[in-house]
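Here is the structure we will look at, set down as structure tokens.
Quick note on labels: first sequence line is chain A, next is B, and so on, each numbered from 1.
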Protein chains: 2
Amino acid sequence: MPRTVAERTDALPALAEVFREHGYEGASLSIIGKATGLGKGSLYHFFPGGKEEMARAVLAEIDGWFESHVFAPLREDARPRETVAAMFDAVETYFRSGDRVCLVGALALGEVRERFGESVKSYFERWLDALSVALVRAGWSGTDARALAEEAVVGIQGAIVLTRALDRPDLFQHIIARLRERLDAPSNGEPFGNAS
Amino acid sequence: MPRTVAERTDALPALAEVFREHGYEGASLSIIGKATGLGKGSLYHFFPGGKEEMARAVLAEIDGWFESHVFAPLREDARPRETVAAMFDAVETYFRSGDRVCLVGALALGEVRERFGESVKSYFERWLDALSVALVRAGWSGTDARALAEEAVVGIQGAIVLTRALDRPDLFQHIIARLRERLDAPSNGEPFGNAS
DNA sequence: GTCTATAAAGCGATAGAC
DNA sequence: GTCTATCGCTTTATAGAC
């Protein structure tokens, strides 16, 4: 851990954890200062826009990570089954089996929708679109691919809520495992009833 | 709307909406005062424990509503398919097609887990247990009933997150409709792969 | 039971020394 | 780039009049 933070990028991981743990309103500058090891002077040097700019920087970092590690491969890679499997791997690792909150999802539920609404919306839209593309490439119909993509992202977000509520990481892994099976291959039969 | 609030119960609906919209930390006493029409004097008269007591009262009210309108019927009513259908009806109405946040779920994600953790845990445990009981009574195996109950509650919570993120109430209704089908009857075939 | 006034603390943000 | 001191404001909570 560097005593001196050379770039604001270096502060983003700790910053992200603070926002995840305390939410936007609950993340006070004193908590942020302790978590990052930075005084207010340094914080405002790196983030002249204050807390809101810090949150936007964190959101952008999270978005960039998912874009390059998850969304882009789903959209562009020619091996859809591998990238879907890699998506679930990434989700299990990233959210630490539901122990770590999805900040984007938390902001969607939370207090400050209109402030970060556009970023939140774009994140989930691109996730759904990219996953749909991969599923179509894997052989699902467009309609089924959409429905399954929604089911997967909904399942992941819901699993985080329930896992934290019940404090049961095994539940998270169980739900992810079930989603893996269901998205695996269209040849296993029609997914369910009328996917209108 | 009564000018004078006779009991603290009368203030709970407005109070609940404030906590849902702003979260626990974001719900300031001035916002609460405006929403309830009560001054600080009255608020502390009804809730000597301050904001935390207000939130606990709201949680207890929500819990009581679900317990009597949803959980108890699922557990005790002899017509499981009807009570499961009624649960989905209640969910669609109560959460206003995903426009209204589940406060219990939001607290689970949010800032103050250790403060309300026990209430949150109990709420979701009783929901899962009650739904499992009804599904077993409807003919599902114990294992499948558990898995489907988890899937339903996870789906509902995830649907709220995604619906608010994308601002698409139709998505909420679509997901609920799919869950309805899947929980409807075991005679429609095995639910999916290995529900271990 | 409701009000106003007020206390004490914490908040986000700024300024200026170094 | 980091620090301390400080500003102005809002916060939760209390006190006391009515």
**OP:** Starting from C1' on dG10(C), measure out to CD on Glu25(A) and report it in whole angstrom.
**Re:** 15 Å
Original post:
Is the Tyr123(A) to Phe116(A) ring centre distance short of 6.0 Å?
Top reply: no
Original post:
Between Asp63(B) and Arg126(B), is there a salt bridge with N-O shorter than 4.0 Å?
Top reply: yes
**OP:** May I ask you to decide if the ring planes of Trp65(B) and His69(B) are parallel, tilted or perpendicular, using 30° and 60° as cut-offs?
**Re:** parallel
What protein N or O atoms touch nucleotides 14-18 of chain C N or O atoms at under 3.5 angstrom, if any, and at what distances?
none

Subject >> Glu76(A)/Arg137(A) ion pair, N-O < 4.0 Å >> reply: no
Subject >> Test: Arg182(A) and Glu151(B) ion pair at under 4.0 Å >> reply: yes
**OP:** For Phe47(A) and dG12(C), give me the distance from atom CZ to atom P, rounded to whole Å.
**Re:** 15 Å
**OP:** With sequence neighbours left out, write down each residue that passes salt bridge (Lys or Arg N to Asp or Glu O under 4.0 Å) with Asp167(A), or none if nothing qualifies.
**Re:** none
**OP:** Return the value, rounded to whole Å, for the distance between atom CD1 of Ile32(B) and atom P of dT2(C).
**Re:** 16 Å
Original post:
Glu53(B) has an atom CD; how far is it from atom P of dA13(D), in whole Å?
Top reply: 11 Å
Subject >> Separation of dG10(C) P from His22(A) NE2 (nearest whole Å) >> reply: 15 Å
Original post:
Tyr24(A) OH to dC11(C) P: how many Å, rounded?
Top reply: 14 Å
Original post:
Can you find a side chain N or O atom of Ser28(A) that sits less than 4.0 Å from OP1 or OP2 on dC11(C)?
Top reply: yes
Subject >> Rounded distance in Å - CG (Leu38(B)) to P (dC3(C)) >> reply: 7 Å
**OP:** Round to the nearest Å and state the distance from His45(B) atom NE2 to dT14(D) atom C1'.
**Re:** 15 Å
Original post:
Is Ser30(B) near enough to dT11(D) that one of its side-chain N or O atoms lies under 4.0 angstrom from OP1 or OP2?
Top reply: yes
**OP:** Using the closest heavy atom to pick a nucleotide of DNA chain C for each, name whichever of Gly50(A) or Ser42(B) lands nearer the 5' end.
**Re:** Ser42(B)
**OP:** When you get a sec, tell me which of dT2(D), dT12(D), dG12(C) is the closest nucleotide to the side chain of Leu29(A)?
**Re:** dG12(C)
**OP:** For the pair Phe124(A) and Phe66(A), evaluate ring pair (Phe, Tyr, Trp, His ring centres under 6.0 Å) and give the outcome as yes or no after the intermediate values.
**Re:** CA-CA 11 Å; Phe124(A) 282 115; Phe66(A) 274 87; 9.3 Å; no
